[in-house]
Amino acid sequence: MKHWLVKSEPGEYSIQDFAQEKRAIWDGVRNHLAKRHLMAMQRGDLVLFYHSGAKPPGVVGLARVSQAQIPDPTQFDPNSKYFDPKATPEAPRWITVELEHLETFPRMVPIAELRERFSPQSLILLRRGNRLSVMPVPKEIFGDILRMAGSRYFEHGD
DNA sequence: GCCAACGTTGGC
DNA sequence: GCCAACGTTGGC
C-alpha cells in the first residue's frame with residue numbers, strides 16, 4: 001500500500017465539503033506528473049487531505065482510494081473548464097481516482113509544523129516552489145503526521 | 001504584496 | 001525549435 005497527499009483550496013473544495021459528500025472523484029488535475037501519481041494509486045491507498053491557500057495552510061484530514069483508474073469525467077464536458085477536446089471516452093487523456101472520506105482530523109497540522117519536523121528532501125510538499133497537487137508521502141512520515149493530527153487511524157508501532 | 005517555480009503561448 | 005512574455009500556483 002502506498003501513501004499520498006492531495007491539495008485542495010478550501011474555497012474550491014474543503015474537507016467539510018468532502019465530509020458531507022463522503023466520496024469524491026478527484027477531477028480537474030491537469031499536470032502530467034500529478035497524473036502519473038494518480039495513475040499509480042491503488043484501491044485502499046491512504047491519502048492526506050491538505051488545504052492550500054488557507055490561513056494557515058495544512059493537513060486537515062484523511063481519505064482512502066475507493067476506486068482507482070477512473071477517467072476524469074470533466075475532460076469530456078464542453079462546459080467544464082477542464083474540458084479536453086482531444087479526449088474521447090475510448091481514449092481518455094486524464095485518469096484519476098475516487099476518494100472516500102475517512103476522517104477530519106481532531107487537529108489540523110499546519111505547514112509550519114511540518115517544516116519543523118520534516119525535511120524538504122523527504123517531503124515533496126515542503127520543497128521550495130512546489131506546485132504539485134498530488135504527491136507521494138513516505139510511509140513513516142505519513143504515520144508521524146497521523147499522530148500529530150490526533151488521528152484515530154494512527155497505529156502505534158508504525 | 002512579493003517572490004519562486006513552472007506551464008503555456010506566440011513570434012520568429 | 002527557441003525563447004521571451006505572461007499566467008497560475010501557493011507560501012510567506
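Keep in mind that the numbers below use all heavy atoms, side chains included, and drop hydrogens, waters and symmetry copies. Chain naming here is simple, since letters A, B, ... match the order of the sequence lines and numbering starts at 1 in each. This is a predicted model, so every value here is computed, not measured.
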Visitor: Can you check the A/N31 CG to C/dT9 P distance for me, whole Å?
Guide: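 It is 12 Å, rounded to the nearest whole Å.
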Visitor: Between the base of B/dA4 and the side chain of A/R128, is there a donor and acceptor pair under 3.5 angstrom?
Guide: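 No, the side chain and the base share no sub-3.5 Å donor-acceptor pair.
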Visitor: Output the rounded distance in Å from CD (A/E9) to P (C/dT9).
Guide: 7 Å
Visitor: Rounded to the nearest angstrom, tell me the gap between atom CG in A/L123 and atom P in C/dG11.
Guide: 12 Å
Visitor: Quick one: does any side-chain atom of A/R64 pair with a main-chain N or O of A/G44 as donor and acceptor, under 3.5 Å?
Guide: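 No.
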Visitor: Below 4.0 angstrom from OP1 or OP2 of C/dG10, is there any side-chain N or O of A/K7?
Guide: yes
Visitor: Among B/dG7, C/dG10, C/dC12, which nucleotide has an atom closest to any side-chain atom of A/S133?
Guide: C/dG10
Visitor: Side chains of A/T74 and A/D77: is there a donor and an acceptor less than 3.5 Å apart?
Guide: no
Visitor: Please determine if a side-chain N or O atom of A/Y50 lies less than 4.0 Å away from the OP1 or OP2 oxygen of C/dT9.
Guide: no
Visitor: Output the rounded distance in Å from CG (A/L125) to P (B/dA4).
Guide: 19 Å
Visitor: To the nearest angstrom, how far is A/I124 atom CD1 from B/dA4 atom P?
Guide: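 A/I124 atom CD1 is separated from B/dA4 atom P by 22 Å.
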Visitor: Kindly say if A/R115 contacts the phosphate of C/dG11, meaning a side-chain N or O under 4.0 Å from OP1 or OP2.
Guide: no
Visitor: Would you kindly give the CG-to-C1' distance between A/L132 and B/dG7, to the nearest whole Å?
Guide: 13 Å
Visitor: With under 30° as parallel and over 60° as perpendicular, where do the rings of A/W26 and A/F49 fit, or are they tilted in between?
Guide: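 A/W26 vs A/F49 ring planes: perpendicular.
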Visitor: For the pair A/F18 and A/H101, name the ring-plane relationship: parallel under 30°, tilted 30 to 60°, perpendicular over 60°.
Guide: perpendicular
